[in-house]
Novice: 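Below you'll find the structure I mean.
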There are 2 protein chains.
Amino acid sequence: MPEAAVLNTNVTSLVDRRLLHETVVSQLRDLIVQGELAPESKLNERVLAEKLGTSRTPLREAIKFLASEGLVELLPNRGAVVAALKPEKMKEVFVVLGALEALAGDLACRNATEADIAEIRALHYHMLAHHARGELAQYFRYNQQIHIKLMECAGNATLTQVYRGLNAHVRRARYMANLSRERWDKAVHEHEEILDALVRRDGVRLQGLLRDHLANKLVLVMEVLTATQGATS
Amino acid sequence: MPEAAVLNTNVTSLVDRRLLHETVVSQLRDLIVQGELAPESKLNERVLAEKLGTSRTPLREAIKFLASEGLVELLPNRGAVVAALKPEKMKEVFVVLGALEALAGDLACRNATEADIAEIRALHYHMLAHHARGELAQYFRYNQQIHIKLMECAGNATLTQVYRGLNAHVRRARYMANLSRERWDKAVHEHEEILDALVRRDGVRLQGLLRDHLANKLVLVMEVLTATQGATS
DNA sequence: TCGGCTATATTTGCATACAAAAAGTGATTG
DNA sequence: CAATCACTTTTTGTATGCAAATATAGCCGA
């Protein structure tokens, strides 16, 4: 169940069995992605270690791990800060994500099994259900799962890994978003088309749809960023 | 001079001034990329720490950093090993690299300044010189610099960062390669065409050329892998 | 001789301790 | 009154120590 890791949000660990400091990585990442640790805020090692119920050593290792992902930035002799959410950076990330999703779409049209497509369809309907109820968080959850599943259908684990890393940046901004009903409906409609193109295994069309979908996501994220940017500073 | 970091090979650090454990990350990465630490070999913390003249703590942090890049794999309670160089993994990486280089080529055609192109041309001639002398290592060095510079011309730092990370995997295999003269000449010719397409800012053609170039690289790497695979195991 | 078990040794993982650097504080002086 | 300097406090970076887990070796028994 690899999808579960994407939205793993438990802060107080339940699994002592034989996992290691990956727990800390996961917890820290969630704190950052969900915005509890704000962009550009300092990561005080003592405070965080206490909060996560560990010592500084595994925490520092986790910070280094996330630094490699780009979620935190290391300042020599001055610790680490949560990476800034700069509009310029978001544009960059979306351009790369666009290329990756387009690639994934193309590969998925060729490699996806019928079972894969059925699973995406199932996730799609879950998503529709939460959209109908106006449950944004749950909607996002299934939305993410669809995109991740599409990645996995491409059958390229490296692609999936890179995508996840970049996507973490974007999700940080998305957590702040309050979709207007209009935009939300539009996004759902886009997903309908995406599913349709996948079912027909029309790689070219799917690539285009994914690019457009991402472009719209970028617009949304930019609005969120400029809005909060004015509010917080 | 950001290109310098790509081929930074000093093991005994010269810079004590105010750099930190990034030194260890860089050293460790070089050991892996250059093959001194063979794929799937165990990373003994005590031995490595002594070799790099540090203690286990910064070394472990460096290992976690590289684990996030995918150059090493973490085995819970059993340390870390250098990531395997599996042909399947290489194929995956090249597919993603292909999409990224194509994207970079397209962006570079639009964003590169004349000075950028002049710099790439200069690197190109350096490369030709070392090709003429049959100096493989130096040839690779400038070859890499050209590709990195092309990435930078795209004006997307995120793209460059992701590219570098994936490229490290590939370079590990390339270090084992002994190019045949025929293939080598062909690669150089491809670079001539790449430069030409860039000068003419023909993004579509450049994308195609880069894809072909990468496809040929993949063939080369696969040959190296299957060859060494038979020899070492 | 071979397989399994125990005891030993190594190695990892985590916590703590210590040193250096940065940040904060306050007093003194121009 | 502001700025600077010295001093204190906090925080980071690194080394070391210790416990748990794993690998290794030796031993016994079949």
Side-chain angles (χ1 to χ4, degrees), chain A residues 10-29 31-32 37-84, chain B residues 10-29 31-32 37-84:
Chain A
N10 60 324
V11 171
T12 53
S13 170
L14 298 172
V15 278
D16 291 341
R17 243 175 58 87
R18 68 166 88 139
L19 289 181
L20 64 172
H21 81 129
E22 294 176 21
T23 316
V24 179
V25 171
S26 185
Q27 290 173 353
L28 199 51
R29 178 163 30 214
L31 288 177
I32 293 172
L37 287 172
E40 300 186 77
S41 63
K42 231 168 127 352
L43 297 180
N44 185 307
E45 297 180 357
R46 181 167 339 194
V47 173
L48 267 179
E50 192 174 351
K51 175 164 189 163
L52 300 181
T54 174
S55 91
R56 285 175 54 213
T57 307
L59 174 70
R60 281 177 61 86
E61 293 179 356
I63 289 176
K64 297 298 181 300
F65 194 95
L66 294 176
S68 181
E69 283 186 8
L71 273 185
V72 309
E73 284 172 41
L74 302 177
L75 313 176
N77 288 320
R78 302 180 70 195
V81 297
V82 179
Chain B
N10 61 324
V11 170
T12 52
S13 170
L14 299 172
V15 278
D16 291 340
R17 241 175 56 88
R18 70 165 88 136
L19 289 181
L20 66 171
H21 83 128
E22 291 178 22
T23 316
V24 179
V25 171
S26 185
Q27 290 173 353
L28 199 51
R29 179 162 30 211
L31 288 177
I32 294 171
L37 288 171
E40 298 186 80
S41 64
K42 229 165 118 12
L43 296 180
N44 185 304
E45 296 180 358
R46 180 173 346 195
V47 172
L48 269 178
E50 191 173 352
K51 175 162 188 161
L52 300 181
T54 173
S55 91
R56 285 176 54 215
T57 307
L59 174 69
R60 282 176 60 87
E61 292 179 356
I63 289 175
K64 298 298 182 300
F65 194 95
L66 294 177
S68 181
E69 284 186 7
L71 273 185
V72 310
E73 283 171 44
L74 302 177
L75 313 176
N77 288 321
R78 303 178 74 199
V81 297
V82 179

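Just so we're on the same page: letters track the sequence lines, and every chain starts at 1.
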Novice: Looking at D/dT14, I'd like to know if its phosphate oxygens (OP1 or OP2) sit under 4.0 Å from a side-chain N or O belonging to B/Thr57.
Specialist: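 No, no such contact exists.
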Novice: Quickly work out the B/Leu48 CG to C/dT11 P distance and round it to whole Å.
Specialist: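 The answer, rounded to whole Å, is 12 Å.
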Novice: May I ask you to test the A/Leu31-A/Val82 pair for a side-chain heavy-atom distance under 4.5 Å?
Specialist: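 No, side chains not in contact.
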Novice: Starting at CD of A/Glu61 and ending at P of C/dG13, how long is that distance when rounded to a whole Å?
Specialist: 8 Å
Novice: Using atom CD of A/Glu45 as one end and atom P of C/dA21 as the other, report the distance to the nearest whole Å.
Specialist: 17 Å
Novice: What's the shortest heavy-atom distance between A/Glu45 and A/Leu59, and which atoms?
Specialist: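 What the structure gives for the nearest pair is O-CD2, 3.2 Å.
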Novice: What residue among A/Val24, A/Val25, A/Leu43 forms side chain to side chain contact (heavy atoms under 4.5 Å, CB included) with A/Leu66?
Specialist: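 Checked A/Val24, A/Val25, A/Leu43 against A/Leu66; only one passes side chain to side chain contact (heavy atoms under 4.5 Å, CB included): A/Val25.
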Novice: Rounded to the nearest Å, what distance is computed from the CZ atom of residue B/Arg46 to the P atom of nucleotide D/dC18?
Specialist: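 Value for this atom pair: 15 Å.
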Novice: Under 4.0 Å, counting only non-hydrogen atoms across every strand here, what does B/Leu74 touch: a base, just sugar-phosphate, or nothing?
Specialist: nothing
Novice: Between D/dT22 atom P and B/Asn77 atom CG, what is the distance in whole Å?
Specialist: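 About 5 Å, once rounded to whole Å.
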Novice: Is there a donor N/O on one and an acceptor N/O on the other, under 3.5 Å, for the side chain of A/Arg78 and the base of D/dG13?
Specialist: no
Novice: May I have the distance from B/Arg60 (atom CZ) to C/dT12 (atom C1'), rounded to whole angstrom?
Specialist: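 Taking atom C1' of C/dT12 as the reference, CZ of B/Arg60 is at 6 Å.
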Novice: If we only count heavy atoms from C-beta on, is the A/Leu37 to A/Val72 side-chain gap below 4.5 Å?
Specialist: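 A side-chain contact is absent here, since even the closest heavy-atom pair is not under 4.5 Å.
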Novice: Check the phosphate of D/dT11 against A/Asn44, side-chain N and O only, distance under 4.0 Å to OP1 or OP2. Yes or no?
Specialist: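 For D/dT11, OP1 or OP2 has a side-chain N or O of A/Asn44 closer than 4.0 Å.
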Novice: Could you state the atom-to-atom distance from CG of B/Leu43 to C1' of C/dT11 in whole Å?
Specialist: 13 Å
Novice: Whole angstrom is fine here: how far is it from CG in B/Leu59 over to P in C/dT12?
Specialist: 9 Å
Novice: For D/dT12, does either OP1 or OP2 sit under 4.0 Å from a side-chain N or O belonging to A/Arg56?
Specialist: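 Answer no for this pair, as no side-chain N or O of A/Arg56 is under 4.0 Å from OP1 or OP2.
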Novice: Counting just side-chain N and O atoms, does A/Lys42 come under 4.0 Å of either OP1 or OP2 of D/dT12?
Specialist: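 Checking A/Lys42 against D/dT12: at least one side-chain N or O falls below 4.0 Å of OP1 or OP2.
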Novice: Can you give me the closest heavy-atom contact between A/Lys64 and A/Leu74, atom names plus distance?
Specialist: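 The pair with the smallest heavy-atom distance is CD-CD1, 3.7 Å.
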